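In what follows, a single structure is set out as structure tokens and then discussed.
Just so you know, these numbers come straight off a predicted model, no measurement behind them. All residue numbers in this chain count up from 1 along the given sequence.
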Amino acid sequence: MPIPAEAFFLPPGTAGTLQSRIRSMVVQGVLAGRLRPGDKMPSSRGLAAHLGVSRITVTLAYADLVSSDYLSARGRSGYFVSDTAPRAPEFPSSPARDEGVDFTALTGARFSGLARLAKPEDWERYPYPFIYGQADAALFDHQNWRACALRALGRRDFAALTSDYYERDDPMLIEHVLRSILPRRGIAARAEEVLLTLGAQNALWIAAQVLLGAGRRAVVENPGYPGLRAILEPSGTEVVAVDVDANGLPPERIPAGADVVFTTASHQCPTNATMPVARRVALLDAAARQGFVIVEDDYEFEMSFLKPVSPALKSLDREGRVIYAGSFSKSIFPGLRLGYLVGSPSFIAEARALRALVLRHPPGHIQRTVAYFLADGHYDALINRMRVAFRRRRQVMEEALAEQGLSMAGQGGFGGSSIWMRAGDGVDTEVLAARLRGEGVLIEAGRAFFHPARVSRQHYRLAYSSIAPSRIPEGIARIAHALGQVRQG
């Protein structure tokens, strides 16, 4: 007797084509032992009728399962679970155990206890997600990315896909970074001056590990990127926070004895202030006089759509004092986790050795896919599409904010993908954010961006990278309404 078709169902909300979902349903049944070797499967006609799909969809899924040895076809008798089908190993159930080690005391919660931005994993279900760093599927070039990924999987690129590069990177991608990406920032570099990383966060971590440690002093911006503070605090480095102004980090406020100064000169995080060229020159002069190194986090330079982009600090560097960190994660998609460091060969050599100890190199297939995406011009087309979309969203956002009388704290005159806001005296934006979540609105409270000794609870960030323009006015109206309620009570 065949297994009845009614025993099969497609869980709602699962991703993939109908054919792939049917295949996954059968595979999971075989691996879990619910479908055993020799069991007869429902007919393709019967299963198709039960699932409400076409018969050809089930037939193709069955054929794929036969080729993978999950099913076997026996002439006119139908399809059966293969006698040699893979099986998941059977493990005894694991009882709950009491922890015999107090790991909280042992580790001191040095990492889990650090302040960080809270972003819900299910942000996509919220109708008004003003959260930073998420991609909009409507803007992404799925077709050409898929073509580049498939090309990188081909036999011609087998070595790039499977080889262990040890400490090296994909030369094709490095070449495109040198010839296409860095020149946009005015940076001329050689291959030995570039190291690929797993995103900008990993780039900052590597730079901090190489340059800092106990007994050294780092200067960071306040408010500033919370992820950087999380890197520095457990390292034993003395961290000095310098308040930024409308033009970013003031060089004259950098204290004596600094070893490394971290700055987001092009798009200050989170205020979006852009450091003028004259101040950039002054910062480089201060570095030469005081003997410190600058780490330039240029995380969003591609999103300068309101005015021509300013030259990177690295492009003005004549002494090799600037370590430049860039990322493809903001411009392509955040899950890519691919970035790069640019610095003097001696620094990159040390950074490369450290990276080799931790992860060898980013996956070869990802590197080659990005190389093709750049080579074929898809990256430039994507950037142009994002700039047009973000310009429109920015305009809608500013009009809605003006209509509701909400106050911007940072202008971000060159673009970007967010606006830094001030809620006003007496408003705790963490309370505001919690209230708004119940209204379907996500914002980022500003407390995490500030140094713990100089916390402000009145600021918040609104991003527009992942929200449709049509939803912005209503979302801003809900923020204004919730602000009024918080102020009243």
Side-chain angles (χ1 to χ4, degrees), residues 113-120 123 126-133 220-230 233 239-250 253 264 267-273 393-394 396-413 416-465 467 471-489:
L114 295 169
R116 52 185 180 268
L117 289 171
K119 297 184 180 182
W123 67 269
Y126 290 82
Y128 310 102
F130 294 103
I131 57 172
Y132 183 81
V220 300
E221 298 169 331
N222 186 57
Y225 176 45
L228 173 61
R229 194 165 60 249
E233 286 184 4
V239 180
V240 179
V242 173
D243 292 344
V244 300
D245 59 22
N247 291 320
L249 179 69
R253 296 183 188 172
T264 49
H267 285 280
Q268 201 280 326
C269 176
T271 70
N272 293 316
R393 294 178 191 187
R394 175 80 179 213
V396 173
M397 182 87 85
E398 290 184 348
E399 291 173 355
L401 292 172
E403 182 178 347
Q404 298 295 335
L406 299 184
S407 300
M408 290 190 291
Q411 293 299 316
S417 61
S418 65
I419 298 178
W420 185 238
M421 303 291 296
R422 188 176 186 276
D425 296 337
V427 176
D428 186 333
T429 53
E430 290 186 325
V431 174
L432 176 66
R435 181 186 291 266
L436 283 167
R437 185 174 293 194
E439 299 291 328
V441 182
L442 296 177
I443 68 170
E444 292 177 343
R447 181 181 68 86
F449 294 95
F450 288 89
H451 188 275
R454 301 199 295 278
V455 167
S456 169
R457 295 182 176 272
Q458 301 173 15
H459 292 82
Y460 61 105
R461 183 167 67 173
L462 297 179
Y464 43 85
S465 61
I467 183 170
R471 292 188 176 271
I472 290 175
E474 175 60 23
I476 297 298
R478 294 190 181 201
I479 293 172
H481 179 70
L483 263 173
Q485 291 181 321
V486 170
R487 286 171 181 149
Q488 291 171 7

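For the pair Glu430 (side chain) and Arg447 (backbone), a donor-acceptor distance under 3.5 Å is absent. Checking side-chain atoms of Thr264 against main-chain N and O of Cys269 turns up a donor-acceptor pair under 3.5 Å. Proximity of a side-chain donor or acceptor of Asn222 to a complementary backbone N or O of His451 within less than 3.5 Å is detected. The backbone N or O of Ala241 sits less than 3.5 Å from a side-chain atom of Arg454, completing a donor-acceptor pair. Of the possible polar contacts, one joining the Arg393 side chain to the Tyr464 backbone as a donor-acceptor pair under 3.5 Å is found. Under the 3.5 Å distance criterion, the side-chain polar atoms of Gln404 are left unmatched by any main-chain donor or acceptor of Arg478. A distance-only check finds no donor-acceptor pair linking the side chain of Glu221 to the backbone of Gly248 [under 3.5 Å]. Proximity of a side-chain donor or acceptor of Arg229 to a complementary backbone N or O of Gly224 within less than 3.5 Å is not detected.
Residues Pro250 and Val242 come closest through the heavy atom pair CD-CG1, 4.3 Å. Across every non-hydrogen atom of Gly424 and Gln458, the tightest pair is O-CG, 3.5 Å. Residue Ala423 comes nearest to Val427 through the heavy atom pair CB-CG1, 3.7 Å, listed as atom of the first residue, atom of the second, then distance. Counting all heavy atoms, side chain and backbone alike, Pro473 lies closest to Ala400 at CA-CB, 4.1 Å. In this structure, Gly440 and Pro127 approach most closely via the heavy-atom pair O-CD, 3.3 Å. Across all non-hydrogen atoms, the minimal contact from Ser407 to Met421 is O-CE, 3.3 Å.
Contact check for Phe449 versus Ser456: no side-chain heavy atoms found under the 4.5 Å cut-off. Within the 4.5 Å cutoff, the side chain of Met397 has heavy atoms near those of the Ile476 side chain. Within the 4.5 Å cutoff, the side chain of Leu436 has no heavy atoms near those of the Tyr128 side chain. Within the 4.5 Å cutoff, no side-chain heavy atoms of Leu462 are placed close to those of Leu406.
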List the steps, then state whether side-chain contact (heavy atoms from CB on, under 4.5 Å) holds for Ile131 with Tyr126. CA-CA 11 Å; Ile131 57 172; Tyr126 290 82; over 6 Å; no
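Heavy atoms from other residues, nucleotides or ligands lying under 6.0 Å from CD of Glu403 number 12 at most.
Taking CD1 from Ile443 and CZ from Arg435, the interatomic distance works out to 11.5 Å, rounded to the nearest 0.5 Å. Atom-to-atom distance recorded for Asp245:CG and Arg253:CZ is 5.5 Å, nearest 0.5 angstrom. The CZ atom of Arg437 lies 12.0 Å from the CG atom of Leu432; values are rounded to the nearest 0.5 Å. Summarising the geometry, atom CD1 belonging to Ile419 is positioned 12.5 Å from atom OG1 belonging to Thr271; distances are rounded to the nearest 0.5 Å. Atoms NE2 and CD1, on His481 and Ile479 in that order, are 12.5 Å from each other to the nearest 0.5 Å.
Residues that satisfy the ring pair (Phe, Tyr, Trp, His ring centres under 6.0 Å) test with His459, not counting sequence neighbours, are Trp420, Phe450.
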